**Student:** 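Let me give you the structure first, and then I'll get to my questions.
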Amino acid sequence: DLHPEFLALWLDAVTFLFSARMIWGLDLKQEPSTRGGSRTMPKFSFNLLIGDIRDGYRFLREQPVVRAMTVGIVMAFAGVGAVISLGPIFARYSLHAGSAGFGYLVIAFGLGMGAGMATSNFFVRIVEKDRLFYGAMFGAALSLFLFAAMPAITWAAFFAVPMGIGVGLTWVTGYTMLQENVTDEFRGRTFATLTISARMTLFLALVVFPALAVIIGDHTVTVAGETLDLSGSRLALYVGGLVVILAGMLSKGGLKKSRLTRLRPLALVPKFRKMERSGIFIVFEGVEGAGKGTQIELARQYLASKGRDVVVTREPGGTGFGDRLRDAILDAATGKVDPRAEALVFAASRAHLVSTVIRPALAEGKVVLCDRFVDSSIAYQGVARGLGEQDILTLNAWATQGLFPDLVILLQVDPEESLAREPGRSDRFESEDLTFHNKVSEAYLKIAEEHPERFQVIDASGTRDEVQVRVREALDRIFEPSEP
Ligand code: TYD
């Protein structure tokens, strides 16, 4: 009854005993050392510890995000240290709350901290993590200022709650961001540096802030007849708040710098531009030697004879810039090209062609006949080169800003047969082996099957005129509804 706090201290002693008993049971010598791959146990030495810390700091210097987070968390610990060390005196003498006063403050703070940690998942969904990190720090500092200004324990306890929420959020977001930004190789060192620095700062704060309170001393000021209590502990708490603000500002600055270099997935979301599209966009696709060139010319004559205003273009190329890209990407002298580079070149040529030739022609109500388009890229780069259909589609939907043909005429021939039709031509694609061309051919058929609304598969074996009859049928079908 005389000293109820003894119970708590005894319980504390029991936890030490428990830990000692647990560790006693472990056979630590059996564990191979992980340091440097050597199997001998490292000698415990202070130098080793210092070396680790030095490694940790060197790493921090090179990693802006990690540095910003570590500095923030460590300085926030100084703020916590200020509250822990000054709290009892503050509660007793400035808030006149007796010896139990600090207990209330701790409970309020603890509840807030728990709530902050528990709700962090919710907050990261509405605020970006780095903003949440320093925002929570500023919130905690603001609460600390209010806390330190209060005249009575109830009000101080009230503001201890948001202070706890801020600290809890800072801790969880800081810790998560560190985890996300550190590779496995550096994880150990980063967290060791963080833990050691945070503890050292905490201990330092436990000494410095009470000393500061003594040095500042107790003051009272009278403003308009009211006496304000400006005790040393109150003023030292304000200093603690300033330290946390400084921490928030440093983190904010550091994170802002790194924001610019952080990788994010490309959005590549096309802006589906609304356009008056009175024209009709027809694309011819097929493997090499399927006879697209010839059939397009015949189709042009046919449509022109029906009074249509026809524009013929081709890919890659069709523009000055596009033709330069075409030369570079098709020339066998170019040699092997990284598939991604290849896909980007076709997309680049296409983007320029769409915006400078195809869209304007469609806007004027013309019929655009194009030799190859997005489906070439899907078949060649997406499937045959193995980049994936979805990525190529996404890239090209962005490049064309969502322009897709009204009709794709797929001239279907067996690659073995069609390659034999044009011997002697050997650009970078024609010199690919038969397996490659078979892949392209199968990819075309698959895409056509998946998009019956825009594809017409036409048997391209037979004479030029036989195939033209089939092409005309397909053309008639698309023009018929609007034909008088
Ligand atoms: P081209 O001479 O037009 O071939 P073809 O005479 O067979 O139509 O050359 C275009 C080549 O570029 C062709 O082999 C296919 C390839 N290509 C792609 O790989 N991806 C694309 O997006 C485009 C438009 C073409």
Side-chain angles (χ1 to χ4, degrees), residues 281-299 312-319 321-354 357-358 368-389 391-400 403-405 408-444 447 458 460 464 467:
F281 182 26
I282 301 168
V283 170
F284 287 72
E285 295 278 4
V287 292
E288 332 287 317
K292 288 187 274 76
T294 318
Q295 292 303 328
I296 288 172
E297 175 49 25
L298 293 174
V312 174
T313 187
R314 67 164 178 187
E315 284 218 334
T319 61
F321 171 61
D323 282 332
R324 293 178 140 220
L325 294 178
R326 177 187 178 89
D327 288 345
I329 202 67
L330 296 187
D331 191 348
T334 299
K336 237 179 140 48
V337 173
D338 176 82
R340 270 171 289 268
E342 196 175 275
L344 288 168
V345 168
F346 285 118
S349 165
R350 184 164 299 136
H352 191 59
L353 180 70
V354 166
V357 176
I358 301 180
V368 177
L369 301 182
C370 190
D371 189 341
R372 300 188 179 278
F373 199 61
V374 173
D375 295 300
S376 276
S377 284
I378 296 180
Y380 283 80
Q381 281 69 48
V383 179
R385 294 277 198 236
L387 290 178
E389 293 166 55
D391 280 357
I392 296 298
L393 184 64
T394 306
L395 174 69
N396 279 284
W398 180 72
T400 64
L403 179 73
F404 281 91
V408 181
I409 294 179
L410 174 59
L411 297 179
Q412 175 58 27
V413 274
D414 179 23
E416 203 166 355
E417 189 184 313
S418 72
L419 287 172
R421 280 187 197 172
E422 298 183 350
R425 283 184 50 187
S426 57
D427 65 28
R428 281 183 59 254
F429 290 92
E430 283 147 357
S431 46
E432 290 286 347
D433 60 13
L434 191 61
T435 325
F436 180 87
H437 294 286
N438 280 331
K439 270 193 209 162
V440 172
S441 176
E442 278 160 27
Y444 270 135
I447 305 167
I458 285 180
R464 185 188 96 139
V467 179

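By convention here, the first residue in the shown sequence is residue 1. No experiment lies behind these values; they were computed from the predicted model shown. We count ligands from 1, going down the list as the structure has it; atoms in each ligand are counted the same way. Atom set for the values below is all heavy atoms of this structure, side chains included, hydrogens, waters and symmetry mates excluded.
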**Student:** Where on Ile329 is there a heavy atom closer than 4.0 Å to ligand 1, on the side chain, on the backbone, on both, or on neither?
**Tutor:** neither
**Student:** Counting heavy atoms only, which of Arg314, Arg350, Arg326, Glu288 comes nearest to atom 3 (O) of ligand 1?
**Tutor:** Arg326
**Student:** Checking the side chain of Arg326 only, and the main-chain atoms of Phe346 only, is there a donor and an acceptor separated by less than 3.5 Å?
**Tutor:** no
**Student:** Can you list the atoms of ligand 1 that are under 4.0 Å from a heavy atom of Lys292?
**Tutor:** 5 (P), 7 (O), 8 (O)
**Student:** Taking 4.0 angstrom as the limit and counting only heavy atoms of Glu315, give me the atoms of ligand 1 inside it, by number and element.
**Tutor:** 3 (O), 24 (C)
**Student:** Can you tell me which portion of Gln381 lies within the under-4.0 Å heavy-atom range of ligand 1? Options are side chain, backbone, both, or neither.
**Tutor:** side chain
**Student:** Should the pair His352 and Phe321 be assigned to parallel (<30°), tilted (30 to 60°) or perpendicular (>60°) ring geometry?
**Tutor:** perpendicular
**Student:** Consider every N or O of Asp427 and every N or O of ligand 1, then say whether any pair is closer than 3.5 Å.
**Tutor:** no
**Student:** Only pairs at least two apart or in different chains count here, so list each side-chain hydrogen bond (donor to acceptor under 3.5 Å, both in side chains) that has a residue in residues 328-337.
**Tutor:** none
**Student:** List the residues meeting salt bridge (charged side-chain N to carboxylate O under 4.0 Å, His left out) with Glu442, not counting sequence neighbours, and say none if there are none.
**Tutor:** none
**Student:** So does Glu416 have more than 12 non-hydrogen atoms from other groups sitting under 6.0 Å from CD?
**Tutor:** no
